[in-house]
Number of protein chains: 2
Amino acid sequence: MGSISRAARELNYAQSNITTKIQLLETHLQTQLFYRHNRGITLTSKGKTLLAYAEKIFHLIEETNKVLKDDDQTPNGPLYIGSMETTAAVRLPSLLSKYHHEYPDVDLTLKTGPTEQNIQGILQYELDGAFVAGPIDHPELIQRTVIEEELVLITDTAHPALSSIKDIQNRTLLVFRSGCSYRAKLEQWLHQEGVIPNKIMEFGTLEAILGCVSAGLGISLLPLSVIEKHVYYGEIKYHSIPGPYAIVQTVFVYRKDTLMTTAFIRFMDMFTEVNNLSGPTITV
Amino acid sequence: MGSISRAARELNYAQSNITTKIQLLETHLQTQLFYRHNRGITLTSKGKTLLAYAEKIFHLIEETNKVLKDDDQTPNGPLYIGSMETTAAVRLPSLLSKYHHEYPDVDLTLKTGPTEQNIQGILQYELDGAFVAGPIDHPELIQRTVIEEELVLITDTAHPALSSIKDIQNRTLLVFRSGCSYRAKLEQWLHQEGVIPNKIMEFGTLEAILGCVSAGLGISLLPLSVIEKHVYYGEIKYHSIPGPYAIVQTVFVYRKDTLMTTAFIRFMDMFTEVNNLSGPTITV
DNA sequence: ACTCGCCATCTTTATATGAGATGGCAAAAA
DNA sequence: TTTTTGCCATCTCATATAAAGATGGCGAGT
């Protein structure tokens with residue numbers, strides 16, 4: 001249930017004008033678009049239909065603008081990329097800096113978030129593409145395997161090594177907020193083993209998790225590549241976990257009907273041609 | 001090769017205005033859409049691109065107008081229908097499949113839930129209509145009797161038949177979560193008889209109730225049509241209950257001010273014209 | 001050189017768009 | 001109960017936008 005007044009406030013228009021516009025539109029279409037009631041207005045089914053069409057139309061207009069501003073020579077314009085926290089931390093920095101250096105006219109925005117949220121972003125045309133945990137199966141999306149990560153358990157260095165999986169029971173789990181597929185993997189594995197963790201704490205950023213693990217607050221499950229450096233510096237220890245749960249694919253997904261701007265094509269080229277995404281090896 | 005002047009003549013506009021519009025458009029898009037030469041103008045490649053997009057967009061707008069305006073066409077758009085669990089299980093499957101087959105452009109969504117919740121859904125414009133237990137008396141709603149059901153007590157086959165109503169006292173009652181009017185009927189009847197049931201268990205789905213009754217967990221009250229098949233297969237037994245409590249009307253309700261789309265009218269036609277809803281008879 | 005048809009610019013008028021004030025109505029609060 | 005609040009509809013008035021009309025420059029054919 002919405003309200004004309006609220007819409008007017010959000011759009012910075014006078015309420016009367018919105019009312020009039022809607023009335024004109026209804027007259028023009030000879031149909032009722034809203035139910036009016038004393039708490040505001042609600043879309044009729046025709047209104048919903050119109051809304052769906054309007055969204056399509058606006059999207060096409062958006063696309064038109066993009067196409068016209070995209071000259072084939074210099075990639076330019078906005079480019080919205082989503083990514084999981086972990087990928088953003090390890091795989092992307094070098095890629096992004098290289099991309100930005102080569103195509104300075106592209107206004108690249110990176111948004112980190114859990115896989116689920118990124119998928120939503122793509123489906124709603126808010127993101128052009130995203131790095132998420134694969135595989136993804138959706139009729140409107142194309143996925144492209146980028147790299148495979150090995151998930152490992154990490155603990156602080158002070159505690160003794162985990163002798164058995166049962167030890168997890170006594171530790172606190174530090175995980176990303178739900179929607180993260182690494183977390184799903186972890187929970188799946190623990191469930192399989194009949195282990196119910198003592199306590200779960202949720203975090204939003206990688207640094208927070210690493211810091212807390214290092215401080216002995218608990219344990220976590222992260223890609224080996226992400227934590228390699230921290231192991232080297234002796235901040236944390238890691239422990240392999242059984243194969244089936246250990247391997248996760250990182251895929252790049254985008255809409256089937258995505259407009260292939262030069263900026264977007266060049267971006268995909270960059271991590272396809274070479275193995276640009278293969279992680280940073282530790283140099284001593 | 002075209003000319004602005006000619007366009008102006010064809011469109012009944014002054015030439016100057018067309019010129020200005022084109023200039024504004026070019027400025028807005030920061031691109032050149034036409035080559036100007038002394039015999040008129042010609043589209044640049046960008047201009048051609050824009051033209052293609054414009055045609056697409058106009059086509060979509062055309063389509064929008066058609067879909068919204070013309071009401072005597074093939075029914076289309078969204079249609080949200082609510083239903084009680086029991087009606088959905090026995091009466092609706094054939095109706096819905098027939099409807100969907102005849103009007104594939106309608107996007108029909110069925111949401112099952114107790115009567116109370118369905119009524120709320122309609123009052124809040126979330127549902128277009130719903131099958132609920134009648135009679136309903138509400139100033140903003142219209143009801144339409146669809147069918148009458150006979151409620152019967154069901155038990156497992158192992159236990160002896162209920163000799164008296166007092167036997168219920170020793171049995172557990174399996175009912176839908178509150179809001180279900182069958183449950184209200186049952187409680188009303190038991191209250192009348194001064195019977196206070198031993199224990200009540202709440203369920204959300206029909207299958208759960210049937211399964212548990214069959215397993216001897218308790219007894220329940222359901223429409224005869226719903227459990228007919230299960231009686232036939234020897235999973236459960238049933239027992240009639242006194243007339244005044246046994247008969248429940250299933251009615252279809254909708255708002256008085258509902259927008260009567262073709263999709264909605266056809267839907268109501270479908271269960272009005274014939275007795276499409278008279279239940280499935282068991283064929284041996 | 002001179003039309004002729006073209007596009008661009010400027011001015012004026014008509015129309016559409018937007019703000020603000022006001023009123024009625026029903027639900028929530030006092 | 002009465003009051004207040006938050007809705008939407010209607011009206012008036014200012015202003016921005018759209019459209020017409022007049023004028024000028026330019027080059028290609030006559």
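The shown structure was predicted, so the numbers you read here are calculated from the model rather than taken from an experiment. Letters A, B, ... are given to chains in the order of the sequence lines, protein chains preceding strands, and every chain is numbered from 1.
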From C/dA21, D/dA20, C/dT9, nucleotide with atom closest to B/N17 side chain
D/dA20

In whole Å, what is the span from the CZ atom of B/F34 to the C1' atom of C/dA8?
15 Å

Please determine, for the side chain of A/S5, which listed nucleotide (D/dC8, C/dA26, C/dC7) has the closest atom?
D/dC8

When you measure from the side chain of B/T19, which nucleotide among C/dT9, C/dG20, D/dT10 comes out closest?
C/dT9

Side chain of B/T20, heavy atoms from C-beta onward: which of C/dT9, C/dC6, C/dT17 has the nearest atom to it?
C/dT9

Atom-to-atom span, OH of B/Y13 to P of D/dA20 - whole angstrom
7 Å

To the nearest angstrom, how far is B/L24 atom CG from D/dA18 atom C1'?
11 Å

Please report the distance, rounded to the nearest Å, between CZ in A/R6 and P in D/dC8.
9 Å

Yes or no on side chain to side chain donor-acceptor pair (under 3.5 Å) for B/T19 and B/Q15, after CA distance, side-chain angles and deciding distance?
CA-CA 6 Å; B/T19 299; B/Q15 169 263 319; 2.9 Å; yes

Describe the nucleic acid contact of B/R9 in one word from base, sugar-phosphate, nothing, applying a heavy-atom distance below 4.0 Å.
sugar-phosphate

A/I41 has an atom CD1; how far is it from atom C1' of C/dC25, in whole Å?
16 Å

Take atom CD1 of B/I22 and atom P of C/dA8, then tell me their distance rounded to the nearest Å.
8 Å

Does the gap between the ring centers of B/F203 and B/F176 come in under 6.0 Å?
no

Does D/dA20 have OP1 or OP2 under 4.0 Å away from a side-chain N or O of B/S16?
no

Can you classify the ring geometry of A/Y254 versus A/F264 as parallel (below 30°), tilted (30 to 60°) or perpendicular (above 60°)?
perpendicular

Regarding the side chain of B/Q15, the nearest nucleotide among C/dA8, C/dG18, D/dA19 is C/dA8

B/L11 CG to D/dA20 P: how many Å, rounded?
10 Å

Aromatic ring pairing A/Y99/A/F267, orientation class (parallel under 30°, perpendicular over 60°, tilted between):
perpendicular

Pairing donors with acceptors under 3.5 angstrom, does anything connect the side chains of A/Q120 and A/Q124?
yes

Which residue lies toward the 5' end of DNA chain C, A/R39 or B/R36, if each is placed at its nearest nucleotide?
B/R36

Would you indicate, yes or no, if C/dC25 has its OP1 or OP2 atom less than 4.0 angstrom from a side-chain nitrogen or oxygen of A/N38?
no

Spacing of A/Q23 atom CD relative to C/dA16 atom P, expressed in whole Å
17 Å

Of the options C/dT17, D/dG21, D/dA18, whose atoms approach the side-chain atoms of A/K21 most closely?
C/dT17

